[in-house]
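Presented below is the structure to which this report refers.
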Amino acid sequence: MAKRVPAPLLRRALVAWYTANRRDLPWRRTSDPYAVWVSEVMLQQTRVDTVIPYYERFLERWPTVEALADADDDDVRAAWSGLGYYRRANSMLAAAAQIVRDHGGALPHDVDALVKLPGFGRYTAGAVASIAYGKRAPAVDGNVQRTLARIFGIDGDVTSGPGSKAVWNQAAILANCDEPGDLNQALIELGALVCTPRNPACEQCPVRTDCVAYAEGRQTSIPPPRVRAKKKEVELTMVLIVRHGDHLLLERQPDDGLFGGLWCLPMLEGHLDPAGAADEALRRHGFELDGVEEAAELEAILTHRRLRIRIVRAHGGPARASGAMKWIALEALEDYGIPTVTVRALRAALTPDERARATLKDRRNAGARPG
DNA sequence: AAATCGGGGTA
DNA sequence: TACCCAGATTT
């Protein structure tokens, strides 16, 4: 067994390492609680390198809670476009309004008040409280979970139940110190740079002599890999209609659920042939299609689904777009929140001329084969 | 406790 | 291909 060192020594080693090795990230150049909040939400289940450009654009455009509370929802969703987990953007809008209304425009200092805000869970509340306000609150993300499980030799599942409780308890002990923000970020940074999931760089670790997993050679079995449900295969058909050569019919998704609040091509269940698409569009959306032809196919992989998508191009649609439907100019697409899969569908199915005019923001992945 | 919600990097 | 990423929310 590794010898259990007193918490103060462990803290000192962690913070010293962090001070010497911390990356220079945009949100570490400020102590503005609002900026910390934005970064923490964007970083939920999202890699640092992905977040950086989104974070910088977001803070430049909405530099304060008040600015965000006054923002147009579609503008914020457009700024979030491509980042994924769009509920985060909707929650931030709701939380900003709540902070202005109930807290005078300043984020609350206490974890108990923070967790009441939309989009704040235990982690985000603890991160903001400790980093922005110096509160002695733990903040356990995936990095901390893994790192503490290894240091303390916490066996079994640590994502829930007793394993999770044990991790949070140790995190709370460590964060009960004079520099909880640095301590929490030290654990996070150690997990991101050294105590990585597959091949941890134990020789670089400042606390390896205090680590149960290292002492017992169990770095790769603690924590155990998570078993994930198999992806559900879903077939769907997207309908592309361009009117007057430059206006596209899009449909806003309900706020809850997949792509909540974002604008997508009208979607139909199943891989429909031209006749089937015409029938289903009338049944589901109440408008008629003619001249339906297959335009492209593509595949999109989400966390729990594999989407097999057929894109058909047609004429028709509603005489007047109403409700969730809207005709949007190709040149105005950048003003709307559009999920990556819809952007990919448009890239694949628009004509080269239309594609040149469409203001589609860059995504990393754009692989699709013409149908 | 389990399912759902994006998208992409990495081995 | 499989896993994971500075998680939150609903069922």
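Each chain gets a letter, A, B and so on, in the order the sequences are listed, and its residues count up from 1. Note that the structure is a prediction, hence the values are computed from the model and not measured.
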Q: For A:Phe259 and for A:Asn199, find the nucleotide of DNA chain B with the closest heavy atom, then tell me which residue's nucleotide is more 5'.
A: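 Going by which nucleotide is closer to the 5' end, it is A:Phe259.
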
(Q) With nearest nucleotide decided by heavy atoms, which residue, A:Arg198 or A:Gln45, maps closer to the 5′ end of DNA chain B? (A)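 The residue closer to the strand's 5' end, by nearest nucleotide, is A:Gln45.
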
Would you indicate what [X] reaches in the nucleic acid, counting non-hydrogen atoms under 4.0 angstrom: base, sugar-phosphate, or nothing?
X        : result
A:Thr124 : sugar-phosphate
A:Arg28  : base
A:Gly257 : sugar-phosphate
A:Trp80  : nothing
A:Arg228 : base

Look at the side-chain N and O atoms of [X] and state whether any lies under 4.0 Å from the OP1 or OP2 oxygen of [N].
X        : N     : value
A:Arg146 : C:dC5 : yes
A:Arg305 : B:dC5 : yes
A:Tyr85  : B:dT4 : no
A:Thr340 : B:dG7 : yes

Gap between atoms [atom1] and [atom2], on [X] and [N] respectively (whole Å):
X        : N      : atom1 : atom2 : result
A:Tyr123 : C:dT9  : OH    : C1'   : 18 Å
A:Met92  : C:dT9  : CE    : P     : 12 Å
A:Ile301 : C:dC4  : CD1   : P     : 17 Å
A:Lys230 : C:dT1  : NZ    : P     : 12 Å
A:Arg226 : C:dC5  : CZ    : P     : 8 Å
A:Asn143 : C:dG7  : CG    : P     : 7 Å
A:Gln44  : B:dG8  : CD    : P     : 18 Å
A:Asn90  : C:dT10 : CG    : P     : 12 Å

Q) Can you find an N or O donor on one side and an acceptor on the other, under 3.5 Å apart, linking the side chain of A:Thr50 with the base of B:dG7? A)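 When only heavy-atom distances are counted, A:Thr50 does not reach the base of B:dG7 through any donor-acceptor pair under 3.5 Å.
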
**Q.** A:Arg47 (side chain) and C:dC4 (base): donor-acceptor pair under 3.5 Å
**A.**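 Checked by distance alone, the answer is yes.
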
Q. Is the NZ or CZ atom of A:Arg57 both under 6.0 Å from the centre of the six-membered ring of A:Tyr54 and within 45° of that ring's axis?
A.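 Yes, cation above the ring, under 6.0 Å and within 45°.
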
Q: Evaluate whether atom CD of A:Glu331 has more than 12 neighbouring non-hydrogen atoms of other residues, nucleotides or ligands under 6.0 angstrom away.
A: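 Yes, because the 6.0 Å sphere around CD of A:Glu331 holds more than 12 heavy atoms from other groups.
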
Q) Should the ring pair A:His109 and A:Tyr133 be called parallel, tilted or perpendicular, given that the plane angle runs from 0 to 90° and is split at 30 and 60? A)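 Correct class here is parallel.
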
Is a donor on one side and an acceptor on the other found under 3.5 Å between the side chain of [X] and the backbone of [Y]?
X        : Y        : value
A:His285 : A:Leu268 : no
A:Lys231 : A:Thr303 : yes
A:Arg146 : A:Gly191 : yes

**Q.** Gap in Å between the two C1' atoms, one belonging to B:dA1 and one to C:dC5, rounded
**A.**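 Comparing C1' positions in B:dA1 and C:dC5 gives a spacing of 22 Å.
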
Q.
Measuring only the P atom in each nucleotide, how far is C:dT11 from B:dG6? A whole number of Å is fine.
A.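 So the two P atoms sit 15 Å from each other.
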
Any protein N or O atoms within reach of nucleotides 1-3 of chain B? Criterion: under 3.5 Å, listing atom names and distances.
none

Q.
Before we go on, tell me: are the rings of A:Trp62 and A:Tyr34 under 6.0 Å apart, centre to centre?
A.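 No: the rings miss the under 6.0 Å criterion.
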
Q.
Can you see whether A:Tyr123 engages A:Glu40 through a side-chain donor-acceptor pair at a distance of less than 3.5 angstrom?
A.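 Result is yes, a qualifying pair exists.
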
